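Note that this is a predicted model, so its numbers are computed, not measured. FYI, side chains are in, hydrogens and waters are out, and symmetry mates aren't considered; it's all heavy atoms of this structure.
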Amino acid sequence: MKIKSAEFETSAPTIASAPRWTLPEFAFIGRSNVGKSSLINLLTERNALAKASVTPGKTKLINFFRINTNWCLVDLPGYGYAKVNREDRADFNVAVANYIEKRDVLVHLFVLIDSRLTPQKIDLEFLNWLSTIDVAFSLVFTKTDKVSMNAVESNVALFKSTMKSFMTVSPKIFTSSSTTKRGRKEILDFIEAELARDKASA
Ligand SMILES: Nc1nc2c(ncn2[C@@H]2O[C@H](COP(=O)(O)OP(=O)(O)O)[C@@H](O)[C@H]2O)c(=O)[nH]1
Ligand SMILES: [Mg+2]
């Protein structure tokens, strides 16, 4: 799919103030610093569209980007940052949970996982919660340029087998790198197919 236009639309602290539109949305979640904003920039080939932040936890808002005028990428706040006080953290959790559970136009959620790491508690806990919600999602293992192919493969395999303890179906898996552009085509092709499916079922 060719990205003809990509524009920042708005930021919202909760879904109450999210855009009231019927555009299909594809959202990105994962721990702070996993590469959510970088992946959005990679997909759109706009280097500064989503701010790739250096301070974990700074981005607490839900950011909406309108693509090719008729669909939307959503940059969700990262989970599990320590620098924020308790209250902020609770707010953010509720807003993100609400978005995932209640946003009617959410078509698909990409859960980003750092490919350099063995399965982390925080990601598994999030996926455990997600498995109780009726939402389509897949996993994207990020930063694959930073480790060997073998390390990526073994971390992905370990992740899959760990997930089997609480999930019956294995989600689709992508691997990505904002420096080598790995995964860009696969993820965009997937989004294109989902958009066609969404349109057909509307
Ligand atoms: N080498 C490499 N660095 C990455 C990649 N993705 C993100 N980063 C870096 O990791 C840091 C956090 O990325 P960011 O997109 O802001 O993460 P976010 O907090 O999940 O939005 C930044 O310094 C990025 O440049 C990747 O695929 N490869
Ligand atoms: Mg970010």
Original post:
Are Phe190 and Ile173 connected in a single hydrophobic cluster, I mean Ile/Leu/Val/Met/Phe/Trp/Tyr linked by side-chain heavy atoms less than 4.5 Å apart?
Top reply: no

Subject >> Cluster check Val107, Ile15: I/L/V/M/F/W/Y, side chain < 4.5 angstrom >> reply: no

**OP:** Please report the shortest heavy-atom distance between Lys36 and Gly30, naming the atom on each side.
**Re:** NZ-O, 3.2 Å

Original post:
Measuring from Ser131:OG to Phe137:CZ, what's the distance to the nearest 0.5 Å?
Top reply: 7.0 Å

**OP:** Take Phe174 and Leu139, measure what side chain to side chain contact (heavy atoms under 4.5 Å, CB included) needs, and give me the verdict at the end.
**Re:** CA-CA 6 Å; Phe174 298 97; Leu139 306 184; over 6 Å; no

Original post:
If you round to the nearest 0.5 Å, how far is SG of Cys72 from CZ of Arg66?
Top reply: 8.5 Å

Subject >> Any side-chain heavy-atom pair of Val152 and Met149 under 4.5 Å >> reply: no

**OP:** Applying side-chain hydrogen bond (donor to acceptor under 3.5 Å, both in side chains), name anything that partners Glu186, two or more places apart in sequence or on another chain.
**Re:** none

Original post:
So which heavy atom on Pro77 is nearest to which on Ile62, and how close?
Top reply: CD-CG1, 4.0 Å

**OP:** Decide yes or no on side chain to side chain contact (heavy atoms under 4.5 Å, CB included) for Gln120 and Leu124, but give the supporting numbers first.
**Re:** CA-CA 6 Å; Gln120 301 288 298; Leu124 295 168; over 6 Å; no

Original post:
Rounded to the nearest 0.5 Å, how far apart are CG of Leu49 and OG1 of Thr44?
Top reply: 4.5 Å

**OP:** With sequence neighbours left out, write down each residue that passes ring-ring contact (aromatic ring centres under 6.0 Å, His included) with Phe159, or none if nothing qualifies.
**Re:** Phe141

Subject >> Transitive ILVMFWY side-chain link Met1 to Leu73, under 4.5 Å >> reply: yes

**OP:** List for me each residue that meets ring-ring contact (aromatic ring centres under 6.0 Å, His included) alongside Phe166, sequence neighbours excluded, and say none if there are none.
**Re:** none

**OP:** Please list, chain by chain and in numerical order, all residues satisfying side chain to side chain contact (heavy atoms under 4.5 Å, CB included) with Glu101, sequence neighbours excluded.
**Re:** Ala97, Trp129, Ile133

**OP:** Please list, chain by chain and in numerical order, all residues satisfying salt bridge (charged side-chain N to carboxylate O under 4.0 Å, His left out) with Glu9, sequence neighbours excluded.
**Re:** none

Original post:
Under 3.5 Å, is there a donor-acceptor pair between the side chain of His108 and the main chain of Ile191?
Top reply: no

**OP:** Find out whether Phe126 and Ile100 are in side-chain contact, i.e. whether some heavy atom of one side chain is under 4.5 Å from a heavy atom of the other.
**Re:** yes

Original post:
How about Val34 and Ile113: do any of their side-chain heavy atoms sit closer than 4.5 Å?
Top reply: no

Subject >> For the student: nearest non-hydrogen atoms of Arg20 and Ala16, plus distance >> reply: NH2-O, 3.3 Å

Original post:
Taking only residues two or more places apart in sequence or in another chain, which ones pass salt bridge (charged side-chain N to carboxylate O under 4.0 Å, His left out) with Lys185?
Top reply: Asp189

Original post:
Just by modelled atom types, is the Ser37 backbone N or O under 3.5 Å from a matching donor or acceptor in the Asn63 side chain?
Top reply: no

**OP:** Look only at the side chain of Ser115 and the backbone of Thr142, and say whether a donor-acceptor pair between them is shorter than 3.5 Å.
**Re:** yes

**OP:** Taking all heavy atoms of Pro13 and all of Ala95, pick out the closest pair and write down the distance.
**Re:** O-CB, 3.2 Å

**OP:** First locate atom CG of Leu43, then atom NZ of Lys181, and finally report the distance between them rounded to the nearest 0.5 Å.
**Re:** 11.0 Å

**OP:** Return the orientation label for the Phe110 and Phe28 ring planes: parallel under 30°, perpendicular over 60°, tilted otherwise.
**Re:** parallel

Original post:
Can you check ring-ring contact (aromatic ring centres under 6.0 Å, His included) on Phe8 and Phe64, steps first, answer last?
Top reply: CA-CA 6 Å; Phe8 170 72; Phe64 297 84; 8.9 Å; no

Original post:
Taking all non-hydrogen atoms of both residues, which atom of Ser138 and which atom of Pro171 are closest, and how far apart?
Top reply: CA-CB, 4.3 Å

**OP:** Could you grab the distance from atom CG of Asn41 to atom CG of Asp75, nearest 0.5 Å is fine?
**Re:** 8.5 Å

Original post:
Any side-chain heavy-atom pair from Leu130 and Val135 closer than 4.5 angstrom?
Top reply: yes

Original post:
Who passes salt bridge (charged side-chain N to carboxylate O under 4.0 Å, His left out) against Lys172, sequence neighbours left out?
Top reply: none

Subject >> Side-chain donor/acceptor of Ser178 to backbone N/O of Leu39, under 3.5 Å >> reply: no

**OP:** With sequence neighbours excluded, tell me which residues meet side-chain hydrogen bond (donor to acceptor under 3.5 Å, both in side chains) with Arg46.
**Re:** none

Subject >> Listed partners of Lys121 passing side-chain hydrogen bond (donor to acceptor under 3.5 Å, both in side chains), at least two apart >> reply: Glu125

Original post:
Is there a side chain to side chain contact (heavy atoms under 4.5 Å, CB included) between Asp123 and Arg31 once you walk through the steps?
Top reply: CA-CA 8 Å; Asp123 296 318; Arg31 65 197 308 180; 4.3 Å; yes

Original post:
Under a 4.5 Å cut-off applied to non-hydrogen side-chain atoms, are Glu194 and Phe26 in contact?
Top reply: yes

Original post:
Do the side chains of Tyr99 and Trp71 join up, straight or via other hydrophobic residues, at under 4.5 Å, putting them in one cluster?
Top reply: no

**OP:** Could you list the residues that satisfy side-chain hydrogen bond (donor to acceptor under 3.5 Å, both in side chains) with Thr180, not counting sequence neighbours?
**Re:** Ser177

Original post:
Do Leu106 and Tyr79 belong together in a cluster built from hydrophobic side chains that touch within less than 4.5 Å?
Top reply: yes

Subject >> Residue pair Val140 / Ile187, side-chain heavy-atom distance below 4.5 Å >> reply: yes

Original post:
If you look only at pairs with a residue in residues 148-159, which of them pass as a side chain to side chain donor-acceptor pair (under 3.5 Å), with sequence neighbours excluded?
Top reply: none

Subject >> Val105/Arg103 under side chain to side chain contact (heavy atoms under 4.5 Å, CB included): CA gap, chis, key distance, verdict >> reply: CA-CA 6 Å; Val105 290; Arg103 184 76 170 159; 3.5 Å; yes

Original post:
Side-chain donor-acceptor pair under 3.5 Å between Arg182 and Thr175, yes or no?
Top reply: yes

**OP:** Decide yes or no for Leu112 and Ile29: does some side-chain heavy atom of the first lie under 4.5 Å from some side-chain heavy atom of the second?
**Re:** no

Subject >> Interatomic spacing from CE in Met167 to OG1 in Thr162 - rounded to 0.5 Å >> reply: 11.5 Å

Subject >> Heavy-atom check, side chain of Ile3 versus side chain of Glu45, under 4.5 Å >> reply: no

Subject >> Pairs touching residues 105-114 that satisfy salt bridge (charged side-chain N to carboxylate O under 4.0 Å, His left out), sequence neighbours left out >> reply: Asp114-Arg116

